[in-house]
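Structure, as structure tokens:
Predicted model only: the values in this text are computed from it and were never measured. A note on names: the letters A, B, ... follow the listed sequences, proteins ahead of strands, and every chain is numbered from 1.
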There are 4 protein chains.
Amino acid sequence: MKHQSAPVHQLPIRVYWEDTDGGGIVYYANYLKFTERARTEWLRGLGFDQSKLRDEAGVLFVVREANIRYRQPARLDDELTITVEPQSHSAHKILLRQLVRCGEVICAELQVELVVVDAATGKLAAIPEKIQNSLI
Amino acid sequence: MKHQSAPVHQLPIRVYWEDTDGGGIVYYANYLKFTERARTEWLRGLGFDQSKLRDEAGVLFVVREANIRYRQPARLDDELTITVEPQSHSAHKILLRQLVRCGEVICAELQVELVVVDAATGKLAAIPEKIQNSLI
Amino acid sequence: MKHQSAPVHQLPIRVYWEDTDGGGIVYYANYLKFTERARTEWLRGLGFDQSKLRDEAGVLFVVREANIRYRQPARLDDELTITVEPQSHSAHKILLRQLVRCGEVICAELQVELVVVDAATGKLAAIPEKIQNSLI
Amino acid sequence: MKHQSAPVHQLPIRVYWEDTDGGGIVYYANYLKFTERARTEWLRGLGFDQSKLRDEAGVLFVVREANIRYRQPARLDDELTITVEPQSHSAHKILLRQLVRCGEVICAELQVELVVVDAATGKLAAIPEKIQNSLI
């Protein structure tokens, strides 16, 4: 397990009607959408498009565990910042910390465990070496 | 084009938090989810599971056109009834009328054009004969 | 009814995993999410935040009718452009044409009728004059 | 904190196209939708509709923490069973264990912490006594 002092990746996300619920706040499942978008852009920033990983390398990134702490609700029109902070990785998993912030306020805090599976069989696979190397 | 006097298929659907938005009503895109669920159960009732159609016949049903009229908002905890009323079909498309009702109130009214595509190429394909026959 | 030759507003949208379905393409209801985001940014560009309209003017924009033609599927990682093209408006409704494009390809084409309702009663209301004027 | 030996509540849920993603499996955020539906029906079974709690008691149930372990993917047309198993509760929170099963296979396992907030202010509130009593 290598521990990271990698730079924190950020993605800005605007809250739209689709994200809110009848309680007037962002629906709790949608934080998983926001954080997935940020992870996708973080991987893209490292040079890896997931559609290509699937089509060319035959692998998919999937979340094996997610722990979410909801701190403050986000609301319609809020401008959120989603961070991706790699914490450690091995050949088979990547641990990330992610924050959903609105200005200085932390709306939600996540710990995410990413693994890679074979797209055809669904079985656990090694993280492609190129990606492992880009995480060092 | 054969015109139908087929029985109307119905699916009950409960409105959950995920379906509502910050306006306190069901988010407008979610009516397309509800009506898709009803079409899926209608096809299943005719003997056709779409996962099998994809895996065994290599075809997917897709919507080519949808016209929606929103009449009255649905709200959290409402018990909706979604109908599927085949109106006509040919070898290449099926026209359906669908209603989203809450009790006697019509919340939304749709006209949907369904076609079938090859799952691999995305190209238009004929509706499998078995399905065509079951629509007569 | 005033007919417009207004400039076309555009919003870029990236396709993420959340937008796709098991057919490998963007789920058909999600085009309504994309086009709603574009309308929200179009209104914001005119000076109107919908959260403020709700909290200060007590009104909500809602879609009364949407007609969608699906032309070509969009896929994971696609970079879409969503346009908003006002076609005409009266004191009570706005008609828009919207396109979802991927490069030069038109993925979907919509006609949308927007109305304004009182946020408390849900009853039809006049479009605030400021907004009407900004549409001329 | 009272520890429960309450009966396990169950909700059957069918997987539709809307639930799947381009990887051919249920999108990871949607397990939070499924488990929320099951919690809603569990509360309804105890006699509490959340729309009435909001409108009459002015309170909302919200999730403060969710820990999810994804074990096996669910797929289109799967018939899932979602369980709600209260583990303990105090005046301010309820801890639940929830499973998403497909037949005998556990697809996902969750620990959820539910709290109650004032619908107007968003501030933490006591769980209504009637509900506390129904949990004993």
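- Taking chain A as the reference chain and counting heavy-atom pairs below 4.5 Å, the highest number among D:Q50, D:K33, D:E113 is found for D:K33.
- Of the two parts of D:I68, the backbone and the side chain both hold a non-hydrogen atom closer than 4.5 Å to a non-hydrogen atom of chain A.
- Contact of D:Y31 with chain A is not made at all, since no heavy-atom distance falls under 4.5 Å.
- Comparing A:R54, A:E109, A:E36 by how many heavy-atom pairs each has under 4.5 Å with chain D, the most go to A:E36.
- Heavy atoms of D:R64 lying under 4.5 Å from chain A belong to its backbone as well as its side chain.
- A 4.5 Å side-chain heavy-atom check between D:L32 and A:Y28 finds at least one atom pair inside the cut-off.
- Once rounded to the nearest 0.5 Å, the distance linking CG of D:N67 with CD of A:E65 reads 7.0 Å.
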